[in-house]
2 protein chains.
Amino acid sequence: MYTNSEIKPRDLSKIEKPAVSVTVLIFSINDGRLEVVLINRVREPFVGFWSLPGDILPIKNDLDEAAKKILFDKTGIKNIYLEQLYTFGDPKRDPRGRVITVAYFALLPYNSVDLSKAPDALHAKWIPVKNLSTNLAFDHKKIIAYGAERLKNKIEYSNIARALLPEKFRLSELQKIHEIILNTKLDKRNFRKRMLSMKLIEPTKDFYRLGNHRPARLYKFSTKKLVTFN
Amino acid sequence: MYTNSEIKPRDLSKIEKPAVSVTVLIFSINDGRLEVVLINRVREPFVGFWSLPGDILPIKNDLDEAAKKILFDKTGIKNIYLEQLYTFGDPKRDPRGRVITVAYFALLPYNSVDLSKAPDALHAKWIPVKNLSTNLAFDHKKIIAYGAERLKNKIEYSNIARALLPEKFRLSELQKIHEIILNTKLDKRNFRKRMLSMKLIEPTKDFYRLGNHRPARLYKFSTKKLVTFN
DNA sequence: CAGAATTAGTGTACATAATACACTAAGCAT
DNA sequence: ATGCTTAGTGTATTATGTACACTAATTCTG
């Protein structure tokens, strides 16, 4: 019923393959704004344009591993929250030819990294998402917009904010992060009530004592794992 | 500051490329169960195993286009709801070599397709998700589990169910779909109240008159576009 | 044609969650 | 001691979610 040729495996060496890259969107909160790490390109195409850190997928690496590796190689950042975002495959997204990219999305506390010590320090920089030029390399503008949207959707119904904060933090810091990401002002009492009723955070015995005002109690997330509701 | 070689574009023809495929998860509701279209493999690897429809990404197609094309070529299905699900890239997922797959997720009303007329009719079949053998080809078991989870998360806060129903439907049908996907029993009055208050559906003037019982009013979704809350 | 069988359709009381809103507390600087 | 700054708290109202049981309209059967 089937010819012999049909049951043999398809020869993968004979098909035309696209290049595959991994792109990492690194978000943090600084100076009251959502910022993203961009790299000023020194290579064609898009020399001089800002772009997201990314690289060709190493042939033996899993996608998640590759994302971690790129993150580390370009920024020196290690051990942070990473999740797969989306795969972008417009045939025209790269002028060199067919390159599909698997985008990842990372979060970290702003002070936990020093980009000036990054391997690609001369070219890597934090840029506020709201100030982005429309002329980013490739389709990176679209990727950033997609990631910012994901963050917005996730912050209210998960403990994802833990990845943007130090171990211990003030409720006012947590609130500020929500306000920036959601781009809205929240009521202090209602915010606190909600956060505590969700049981994702708990008070510690420590206080934050800087500034000429009453010290603030420090809280921590109850778990380091990602928890999502709905 | 930079050598000439650094500013030239990287030569994409010299890198080692993984193969890229597109896999489509086609869900529907039948006989009170969530079912998925599987294809019995006639080629190595995994001859005789059930697998999701999929194929190598045609080098000139966008990912979405490729998913549509695969769907049509293997099942004859056209014009249905499709969304990108996730990209699976475990280096060992395909015994032939490195193949990463971009998985898509499709929904359609069970009666809108006749698999016996599909191009791959001899090998394509609807299989209830709960009855799946653990021995599916590749990592397809994992892909199906991931897709079922996505469906579960989406059904309560979007109008995605419209893709599983005909144009006009009974509220009892809609409720049944929710119950199957969420794997729970819902209260009829509360369900109706909620559905109507969300303003995603509206009554039509038509009734469903089959069976020895009171006719049921038919409803329709207010919009054909995907709407998601939070 | 009366009664049984079947699915459709409806309302109310209660509990929980979301919102609006303003003052007191604790520390530091002068 | 006073003023400045951020931390911290409660209550009333509204909206949303949940629990729960009977009547309505049709077909089938005897």
Side-chain angles (χ1 to χ4, degrees), chain A residues 29 31-32 152-153 155-159 161 165-166 168-220 227-230, chain B residues 29 31-32 152-153 155-159 161 165-166 168-220 227-230:
Chain A
I29 300 286
D31 198 13
K152 211 167 176 173
N153 289 332
I155 194 134
E156 282 186 289
Y157 302 101
S158 76
N159 61 357
L165 286 165
K168 295 178 181 180
F169 54 86
R170 292 167 283 160
L171 282 181
S172 59
E173 292 177 283
L174 180 59
Q175 182 176 341
K176 197 75 206 294
I177 282 178
H178 279 244
E179 290 179 340
I180 291 164
I181 290 171
L182 297 172
N183 192 29
T184 176
K185 194 108 191 65
L186 299 171
D187 178 84
K188 185 162 46 157
R189 279 171 292 190
N190 294 338
F191 179 77
R192 283 164 185 242
K193 221 184 304 172
R194 203 167 76 88
M195 283 301 125
L196 292 164
S197 77
M198 287 197 297
K199 309 271 184 190
L200 293 177
I201 59 169
E202 49 193 57
T204 70
K205 291 189 171 143
D206 302 326
F207 288 84
Y208 173 88
R209 300 184 178 279
L210 289 183
N212 53 338
H213 52 79
R214 176 172 175 176
R217 181 171 295 275
L218 293 170
Y219 287 76
K220 62 173 183 166
V227 176
T228 309
F229 301 126
N230 238 6
Chain B
I29 301 286
D31 200 12
K152 212 167 174 172
N153 289 331
I155 194 132
E156 282 187 289
Y157 302 100
S158 77
N159 61 356
L165 286 164
K168 295 177 182 181
F169 53 87
R170 292 167 283 160
L171 283 181
S172 59
E173 291 177 283
L174 180 59
Q175 181 176 342
K176 197 77 207 293
I177 282 178
H178 279 245
E179 290 179 340
I180 292 164
I181 290 171
L182 297 171
N183 193 27
T184 174
K185 194 107 191 67
L186 300 170
D187 178 85
K188 185 162 44 157
R189 280 172 292 191
N190 295 339
F191 179 77
R192 285 163 184 242
K193 221 185 305 173
R194 203 167 77 88
M195 283 300 126
L196 291 165
S197 77
M198 287 197 295
K199 308 273 183 187
L200 293 177
I201 59 169
E202 49 193 57
T204 69
K205 290 190 171 141
D206 301 327
F207 287 83
Y208 174 89
R209 302 187 175 279
L210 291 183
N212 54 338
H213 53 78
R214 178 172 174 176
R217 180 171 294 275
L218 292 170
Y219 287 77
K220 61 173 182 164
V227 176
T228 311
F229 301 126
N230 237 9

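Residue numbers begin at 1 in each chain, while the letters A, B, ... track the order of the sequences.
The side chain of A:D187 lies closest to C:dC21 when the candidates are C:dA8, D:dT6, C:dC21. The side chain of B:K188 has C:dT10 as its nearest neighbour among C:dT10, D:dT18, D:dA7. Closest to the A:N190 side chain, of the nucleotides D:dT5, D:dG10, C:dG11, is D:dG10.
If you measure from atom NZ of B:K185 to atom C1' of D:dA19, you get 15 Å, rounded to the nearest angstrom. At whole-Å resolution of the value, CZ in A:F191 and C1' in D:dG10 are 19 Å apart. Here the C1' atom of nucleotide C:dT10 and the CG atom of B:L171 are 12 Å apart, to the nearest Å. In this entry the distance linking CZ of B:R209 with P of C:dT7 reads 17 Å, nearest Å. The distance from atom CZ of B:F229 to atom P of C:dA18 is 16 Å, rounded to the nearest whole Å. In this entry the distance linking CG of B:N212 with P of D:dC28 reads 6 Å, nearest Å. Put simply, CE on B:M198 is 13 Å from C1' on D:dG17, counting in whole angstrom units. Summarising the geometry, the separation between CE on B:M195 and P on C:dT10 is reported as 16 Å, rounded to the nearest angstrom.
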task = Report the C-alpha distance between A:E179 and A:T184 in whole Å, list the side-chain angles of each, state the deciding distance to 0.1 Å, and finish with yes or no for side-chain contact (heavy atoms from CB on, under 4.5 Å).
result = CA-CA 5 Å; A:E179 290 179 340; A:T184 176; 5.7 Å; no
request  = Could you go through the side-chain contact (heavy atoms from CB on, under 4.5 Å) check for B:L182 and B:K152 one step at a time?
outcome  = CA-CA 6 Å; B:L182 297 171; B:K152 212 167 174 172; 4.0 Å; yes
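Considering every non-hydrogen atom in both A:D187 and A:Q175, the closest pair reads C-NE2, 4.1 Å.
Using a 4.0 Å cut-off, no side-chain N or O of A:R189 falls inside it from OP1 or OP2 of D:dG10. Between B:S172 and the phosphate of C:dT7, there is no side-chain N or O to OP1/OP2 separation shorter than 4.0 Å.
B:R192 comes within 4.0 angstrom of a base, heavy atoms only.
Looking at which nucleotide of DNA chain C each of B:Y219 and A:G211 is closest to, the 5′-most match is held by B:Y219. For the pair B:R214 and A:R214, both in contact range of DNA chain D, the more 5′-proximal nearest nucleotide belongs to A:R214.
None of B:R189, B:K193, B:M195, B:K188 except one satisfies the side chain to side chain contact (heavy atoms under 4.5 Å, CB included) rule with B:F191; the exception is B:M195. When the options A:L196, A:D206, A:L200 are evaluated for a side chain to side chain contact (heavy atoms under 4.5 Å, CB included) with A:Y219, the one that passes is A:L196.
In terms of polar N and O atoms assigned as donor or acceptor, the side chain of A:K193 comes within less than 3.5 Å of the base of D:dT11 in a complementary pairing.
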